[in-house]
K.L.:
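The structure that follows is given in the form of C-alpha cells.
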Amino acid sequence: MAVNYNILTILGPTAGGKTSVATRMAYILNGEVISADSRQVYRGMDLGTGKDLEDYVVEGTPIPYHLIDIVDSGYKYNVYEYQQDFIQVFNDIQSRNKFPVLCGGSGMYIEAVLKGYKLIHVPVNEQLRSVLEKKPYNELVEILASFKTLHNKTDIDTRKRMIRAIEIEEYYSENPQLDVDYPKLTPLIVGVKFDRQSQRKRITSRLKQRLDEGMIDEVRKLLDRGISSETLVYYGLEYKFITQHITGELSYNEMFKKLETAIHQFAKRQMTWFRRMERNGFKIHWLDGYAPMNEKTARILELLGKK
RNA sequence: GGGGAGAUACCAAAGUGGCCAACUGGGGCAGACUGUAAAUCUGCUGUCGUAUGACUUCGGAGGUUCGAAUCCUCCUCUCCCCA
C-alpha cells in the first residue's frame, strides 16, 4: 500500500552531509528546503553554523530554502517561533504545489513540528514573575506541581526555567483553548550518518576548514557589531569557544581542542535525540553517509514510492 | 660525571600497610529533555551476561607481613638541577 507522504525529512548529526542530500531531493522532487536548524536562522552567522549555502544550487538550479537567515544575530529565537514559522512556510509551499523537504539537526525543532507540539504564545507576566522571584525554590516546585495537567515538560533545573514553566501553566489554566490550526503531516524520515570514527574525522576536518575560511573573523565581526560576548557564548559551540579565544580566555590551541570535543559531544547528543524519536514511534530510515549520492536519492525515491 | 624527583586505570591526578577495584577532573559510553535545545541535566566507565559475588590491577622481578598501590632489595624508564 502506498503512503502519500507530504513532507520529506532529512535529519542526522552534524557534518553528515544532510544538506546536499536534501537539496538534491528538492531538485528531483521539484521541492523546497525548510531548514530545521536552531542556529542557521541567524543572519551573519554562516561559517559557525555550517550553512553551506553553496549546496543550494544543484546542477545550476538554485533550490529555494526557508528558515535560514530570518532573524538578526543577537536575537534569541526559540521553538515556539520556529513552529509558527514552519507552519507558515509549509502551507505556503503546499499552496504552490511544491514538495517540502525538512532538513536539519535540531532534534527538538524537528520533533516539535512533526509531532505538532501544542505550543501557544504565552506572554511574559511581569506581575507573576516578580511574585515568584521572591519565593524559595522548593515553594516554586510545589506551585508547579499544583497544576493538574502540565503542558510544559521542560527541565526546571534553574529558577529561571522554573518561573517560566509556572508562567506557562498559569497562562494555560486561564486560556484553556490551545488547539491551533495545525497542518496534517505525513513525513518520510530519512537519517544520514557515518560510523562514529568517520563522523569524528569529518567533524575535525570540517572544523579546520572553516577556521581557515575565516570563522574567527566572522565571530569578531559580530562582536564589533555590538553583540555581547555573553550572547555569543549563549549560542554555543563555535560562537562560544571562538569568543572565549578572542577575549583571551582561551589560547588558539585550547579553543580548538575544546571546540572539537564539544562538537563531538554535540553530535552524540543529536543521535541520542534521534534514537529517542525512534523509540517514541518515529520510523527513521538510516542511510550510510558513505553511499554515493545517486544511491541515496534512489533509496529515498523508493521509500517515497516514486519508483 | 654528581645531586634530586617520579613511574597509579584511556589521559591528568589523589592515595603512602587493612575502610582501595582505588578520591577527583577530563575524555568516552548511555540516558533525560515541549518555550535557552549548538542549551541544560543524570547515570555508568578493570573483567566476568545478573551480583551484600568471583577474578585480575597501581613500571618489572623478588622479599617482609595475617594483610601491600602503600614497607625493603634489585632492575627498567622518565623528568629536573649542578657539571
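Below, read A as the first sequence line, B as the second, and so on, with proteins coming before strands; counting in each chain starts at 1. Only this structure's heavy atoms are used, side chains among them; waters, hydrogens and symmetry mates stay out.
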K.L.:
Reading 5' to 3' and counting Watson-Crick or G-U wobble pairs with both distances under 3.5 Å, write the dot-bracket notation for RNA chain B, | for bases paired outside the strand.
P.N.:
((((((((.[[[..)..(.....]]]((((((.......))))))(((....)))...[[[[[..)....]]]]]))))))).
K.L.:
In a table with atom names and distances, give each donor-acceptor pair under 3.5 Å that connects a side chain of residues 25-36 of chain A to protein atoms at least two apart or in another chain.
P.N.:
{"from": "Asn30(A)", "atom 1": "OD1", "to": "Lys98(A)", "atom 2": "NZ", "distance (Å)": "3.2"}
{"from": "Glu32(A)", "atom 1": "OE1", "to": "His66(A)", "atom 2": "NE2", "distance (Å)": "2.6"}
{"from": "Glu32(A)", "atom 1": "OE1", "to": "Arg96(A)", "atom 2": "NH2", "distance (Å)": "3.0"}
{"from": "Glu32(A)", "atom 1": "OE2", "to": "Arg96(A)", "atom 2": "NH1", "distance (Å)": "2.7"}
{"from": "Ser35(A)", "atom 1": "OG", "to": "Asp37(A)", "atom 2": "N", "distance (Å)": "3.4"}

K.L.:
Could you tell me the separation between the CZ atom of Arg196(A) and the P atom of rG28(B), rounded to a whole number of Å?
P.N.:
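Distance, rounded to whole Å: 10 Å.
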K.L.:
Quick test of your reading: applying ring pair (Phe, Tyr, Trp, His ring centres under 6.0 Å), list the pairs with at least one residue in residues 277-298 of chain A, sequence neighbours left out, ordered by first then second residue.
P.N.:
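Of all non-adjacent pairs touching residues 277-298 of chain A, those that pass ring pair (Phe, Tyr, Trp, His ring centres under 6.0 Å) are Phe194(A)-Tyr290(A).
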K.L.:
Does any N or O in the side chain of Ser106(A) come within less than 3.5 Å of the main-chain N or O of Ser38(A), such that one atom is a donor and the other an acceptor?
P.N.:
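Here the side-chain-to-backbone pair exists.
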K.L.:
Expressed in whole Å, how much space separates the C1' atoms belonging to rA9(B) and rC81(B)?
P.N.:
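Nearest-Å result for rA9(B) against rC81(B) at atom C1': 32 Å.
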K.L.:
Assuming nearest nucleotide by heavy-atom distance, tell me which of Tyr235(A) and Val79(A) is located more 5' along RNA chain B.
P.N.:
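In this pair, the answer is Val79(A).
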K.L.:
Backbone N or O of Pro13(A) within a donor-acceptor pair of the Lys193(A) side chain at under 3.5 Å?
P.N.:
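Absent.
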K.L.:
Base, sugar-phosphate alone, or nothing: which one does Thr261(A) contact when heavy atoms must sit under 4.0 Å apart?
P.N.:
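If one applies the 4.0 Å heavy-atom cut-off, Thr261(A) turns out to touch the sugar-phosphate alone, with no base involved.
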K.L.:
Using the C1' atom on both, measure rC79(B) against rA30(B) and round to a whole Å.
P.N.:
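The answer is 39 Å between these two C1' atoms.
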K.L.:
Taking all atoms of both residues into account, what is the closest heavy-atom pair of Lys18(A) and Gly105(A), and its distance?
P.N.:
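Minimum heavy-atom separation between Lys18(A) and Gly105(A): CE-N, 3.9 Å.
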K.L.:
Respond yes when some side-chain nitrogen or oxygen of Tyr234(A) is under 4.0 Å from OP1 or OP2 of rA37(B), and no when none is.
P.N.:
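For Tyr234(A), the contact criterion (side-chain N or O under 4.0 Å from OP1 or OP2 of rA37(B)) is met.
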K.L.:
Among pairs that include at least one residue of residues 196-215 of chain A, which meet ring pair (Phe, Tyr, Trp, His ring centres under 6.0 Å), considering only residues two or more places apart or in two chains?
P.N.:
none
K.L.:
Whole angstrom is fine here: how far is it from CG in Leu232(A) over to C1' in rU36(B)?
P.N.:
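Spelled out: CG on Leu232(A) to C1' on rU36(B) is 15 Å.
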K.L.:
I'd like the C1' distance from rC66(B) over to rA12(B), given in whole Å.
P.N.:
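Each nucleotide's C1' atom is 36 Å from the other's.
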K.L.:
Taking OP1 and OP2 of rU36(B), is either one under 4.0 Å from a side-chain nitrogen or oxygen of Tyr77(A)?
P.N.:
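Result: no.
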K.L.:
Should we say atom CD of Gln88(A) is surrounded by more than 12 heavy atoms from elsewhere, each under 6.0 Å from it?
P.N.:
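No.
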K.L.:
Distance check, C1' atoms only: rU73(B) and rC20(B), in whole angstrom units.
P.N.:
25 Å
K.L.:
Got a second to check how far Gln244(A)'s CD is from Leu232(A)'s CG, nearest 0.5 Å?
P.N.:
11.0 Å
K.L.:
Measure the distance from CD1 on Ile263(A) to C1' on rA39(B) and round it to the nearest whole Å.
P.N.:
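Spelled out: CD1 on Ile263(A) to C1' on rA39(B) is 15 Å.
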K.L.:
Using heavy atoms to find the nearest nucleotide of RNA chain B for Gly50(A) and Arg275(A) separately, return the residue whose nucleotide is more 5′.
P.N.:
Arg275(A)
K.L.:
Answer yes if the side chains of Tyr65(A) and Gln40(A) hold a donor-acceptor pair under 3.5 Å, and no otherwise.
P.N.:
no
K.L.:
Could you measure between the two P atoms, the one in rC10(B) and the one in rA22(B), and give it in whole Å?
P.N.:
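It works out to 16 Å between them.
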K.L.:
Within this structure, what is the CG-to-P distance between Asp46(A) and rA38(B), rounded to whole angstrom?
P.N.:
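After rounding, the reported distance stands at 18 Å.
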K.L.:
Quick test of your reading: applying side-chain hydrogen bond (donor to acceptor under 3.5 Å, both in side chains), list the pairs with at least one residue in residues 223-236 of chain A, sequence neighbours left out, ordered by first then second residue.
P.N.:
Ser228(A)-Thr231(A)
K.L.:
Mind running a 4.0 Å heavy-atom check of residues 237-248 of chain A against RNA chain B and sending the residues that fall below it, in number order?
P.N.:
Leu237(A), Glu238(A)
K.L.:
Does Asn6(A) use its side chain to pair, donor to acceptor, with the backbone of Thr186(A) at less than 3.5 Å?
P.N.:
yes
K.L.:
Contacts to RNA chain B from residues 264-273 of chain A, heavy-atom cutoff under 4.0 Å, which residues?
P.N.:
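Only Gln265(A), Phe266(A), Lys268(A), Arg269(A), Thr272(A), Trp273(A) qualify.
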K.L.:
What's the CG-C1' distance between Leu259(A) and rA38(B), to the nearest Å?
P.N.:
10 Å
K.L.:
Could you list the donor-acceptor pairs under 3.5 angstrom formed between side-chain atoms of residues 53-64 of chain A and any protein atom two or more places apart in sequence or on another chain?
P.N.:
{"from": "Glu59(A)", "atom 1": "OE2", "to": "Arg24(A)", "atom 2": "NH1", "distance (Å)": "3.4"}
{"from": "Glu59(A)", "atom 1": "OE2", "to": "Arg24(A)", "atom 2": "NH2", "distance (Å)": "2.8"}

K.L.:
Rounded to whole angstroms, how far apart are CD on Glu230(A) and C1' on rA39(B)?
P.N.:
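The distance from CD of Glu230(A) to C1' of rA39(B) comes to 16 Å, rounded to the nearest Å.
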K.L.:
Taking only the C1' atom of each, what is the distance from rC58(B) to rU16(B) in whole angstrom?
P.N.:
12 Å
K.L.:
Is there a donor-acceptor pair under 3.5 Å between the side chain of Arg39(A) and the backbone N or O of Thr49(A)?
P.N.:
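Such a contact is absent between Arg39(A) side chain and Thr49(A) backbone.
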K.L.:
Could you tell me whether the phosphate oxygens of rC33(B), OP1 or OP2, come under 4.0 Å of any side-chain nitrogen or oxygen in Arg279(A)?
P.N.:
no
K.L.:
Under the ring-ring contact (aromatic ring centres under 6.0 Å, His included) rule, collect the residues that match up with Phe274(A), sequence neighbours excluded.
P.N.:
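With neighbours one apart ignored, the set is empty.
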K.L.:
Using salt bridge (Lys or Arg N to Asp or Glu O under 4.0 Å) as the criterion, list what pairs up with Arg269(A), not counting sequence neighbours.
P.N.:
none
K.L.:
Say we look at rU70(B) and rU65(B): how far apart would their C1' atoms be, to the nearest angstrom?
P.N.:
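Pairwise C1' distance, rU70(B) against rU65(B), rounds to 13 Å.
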K.L.:
Within residues 197-227 of chain A, which residues have any heavy atom lying less than 4.0 Å from an atom of RNA chain B?
P.N.:
Arg200(A)
K.L.:
For atom P, what is the distance between rC11(B) and rU47(B), given to the nearest Å?
P.N.:
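Comparing P positions in rC11(B) and rU47(B) gives a spacing of 15 Å.
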K.L.:
From C-beta outward on Arg276(A), which listed nucleotide comes closest to its side chain: rG31(B), rC33(B), rA37(B)?
P.N.:
rC33(B)
K.L.:
Is Ser106(A) touching bases, backbone alone, or none of the nucleic acid, heavy atoms closer than 4.0 Å?
P.N.:
sugar-phosphate
K.L.:
Enter syn or anti for the glycosidic conformation of rU50(B), syn applying to angles within 90° of 0.
P.N.:
syn
K.L.:
Tell me which pairs pass salt bridge (Lys or Arg N to Asp or Glu O under 4.0 Å) where either residue lies in residues 104-115 of chain A, with sequence neighbours left out.
P.N.:
Glu111(A)-Lys115(A), Glu111(A)-Arg276(A)
K.L.:
How many Å lie between CZ on Phe274(A) and C1' on rA30(B), as a whole number?
P.N.:
17 Å
K.L.:
For the pair made of CD in Glu111(A) and P in rA32(B), what is the distance, rounded to whole Å?
P.N.:
11 Å
